[in-house]
Amino acid sequence: MIRVSEAIKRDHRELEECYYNIQNATSDDEKTRWQNQFTWELARHSVGEELIVYPAMEKHLPDGKDMADKDRKEHQKVKEQLYVFQSLKSSDPKFKPTIEALWADLSDHIKEEEEHDLILLEKALEETDSEDLLQNFNRAKMFAPTRSHPSAPDKPPFETAAGLLAAPIDRLKDLFSKFPKQEHSRKA
């Protein structure tokens, strides 16, 4: 069975793919589609970690509260950058520097999470606990907002309530947004 850390790493690879597709896009339309996909993936992933993974760190690791607080602080910075990025037109001169700055901060966070935080968490968890976290993480992403809301709370239960209120509006916006066509997306 897959463990929660493997699912998080898979999400990270998907974000990386979206970033590189934005950078390599040859038209504004293609950039916009990948911008929407990147925003959708990152917003949901961040909420899933904040609702499920960070509380598990706090519960199972001796320094888990400090680790989770540090990760939440990094998420907040990324969410603020994503909020700006998700509103930019792909033709805006700020588009490229904004995604590059966002990716620089996000990739540092990803590296630390994969090389440190997730390793410690998995060592502290029984396999069944990790599998349960995975189910909860995936479930949280299903109900999470699909856009960045940096002013929303970042800890349960308030984040849960804010997310449940924002998600339907985000999903309505998604209906009118362009996303990559299936044939343009590489399979990881």
Quick one: [atom1] on [X] to [atom2] on [Y], what's the gap to the nearest 0.5 Å?
X      : Y      : atom1 : atom2 : value
Leu120 : Ser5   : CG    : OG    : 11.5 Å
Leu102 : Leu42  : CG    : CG    : 6.5 Å
Glu58  : Lys65  : CD    : NZ    : 5.5 Å
Ser90  : Ile99  : OG    : CD1   : 12.5 Å
Leu121 : His116 : CG    : NE2   : 11.5 Å
Ile110 : Leu15  : CD1   : CG    : 6.0 Å

For residues [X] and [Y], determine if any side-chain heavy atom of one lies less than 4.5 Å from a side-chain heavy atom of the other.
X      : Y      : answer
Val53  : Leu133 : no
Glu113 : His12  : yes
Lys79  : Glu50  : yes

List for me each residue that meets side chain to side chain donor-acceptor pair (under 3.5 Å) alongside [X], sequence neighbours excluded, and say none if there are none.
X      : result
Gln37  : Glu41
Thr26  : Glu30
Asp29  : Arg33, Lys178
Glu112 : Lys70

Results of side chain to side chain contact (heavy atoms under 4.5 Å, CB included) for [X] - residues two or more places apart only:
X      : value
Asn136 : Ile52, Arg139
Ala124 : His60, Leu61
Asp132 : Gln135
Asp11  : Glu14, His45, Phe137, Lys141

Considering non-hydrogen atoms only, spot the tightest contact between [X] and [Y] and give its length.
X      : Y      : value
Ala140 : Gly48  : CB-CA, 4.2 Å
Ala43  : Leu82  : N-CD2, 4.1 Å
Tyr19  : Phe38  : N-CD1, 4.0 Å
Leu134 : Ala7   : CD1-CB, 3.2 Å
Ala104 : Ser107 : O-OG, 3.2 Å

- Message: Can you pull out every side-chain hydrogen bond (donor to acceptor under 3.5 Å, both in side chains) where at least one residue sits in residues 96-105? Sequence neighbours excluded, please.
- Response: Gln23-Glu100, Lys77-Asp105, Gln81-Asp105
- Message: For a side chain to side chain contact (heavy atoms under 4.5 Å, CB included) check, start with the C-alpha distance between Ile2 and Arg10, then their side-chain angles and the critical distance, and finish with the verdict.
- Response: CA-CA 11 Å; Ile2 190 170; Arg10 185 179 58 230; 3.2 Å; yes
Tell me whether [X] contacts the main-chain N or O of [Y] through its side chain, where contact means a donor paired with an acceptor under 3.5 Å.
X      : Y     : value
Ser130 : Val4  : yes
Glu74  : Asp69 : no
Asn21  : Glu17 : yes

- Query: Same cluster or not: are Tyr83 and Ile22 linked, directly or through other Ile, Leu, Val, Met, Phe, Trp or Tyr residues, by side-chain heavy atoms under 4.5 angstrom apart?
  - Reply: no
- Quick one: do Tyr20 and Leu106 end up in the same hydrophobic cluster if we chain Ile, Leu, Val, Met, Phe, Trp and Tyr together by side-chain heavy atoms under 4.5 Å apart? yes
- Message: Among residues at least two apart in sequence or on other chains, which ones pass ring-ring contact (aromatic ring centres under 6.0 Å, His included) with Phe85?
- Response: Phe95
- Message: Check Lys9 with Glu16, please: is the shortest side-chain N to carboxylate O separation under 4.0 Å?
- Response: no
- Using a strict 4.0 Å threshold on nitrogen-to-oxygen distance, state whether Arg72 and Glu49 make a salt bridge. no
- Met57 and Asp117: side chain to side chain contact (heavy atoms under 4.5 Å, CB included), yes or no, with the steps? CA-CA 8 Å; Met57 289 173 153; Asp117 299 1; 3.2 Å; yes
- salt bridge (charged side-chain N to carboxylate O under 4.0 Å, His left out) partners of Glu6, counting only residues at least two apart: none
- Query: What pairs of residues pass the salt bridge (Lys or Arg N to Asp or Glu O under 4.0 Å) test when at least one of them lies in residues 119-131, not counting sequence neighbours?
  - Reply: Arg3-Glu122
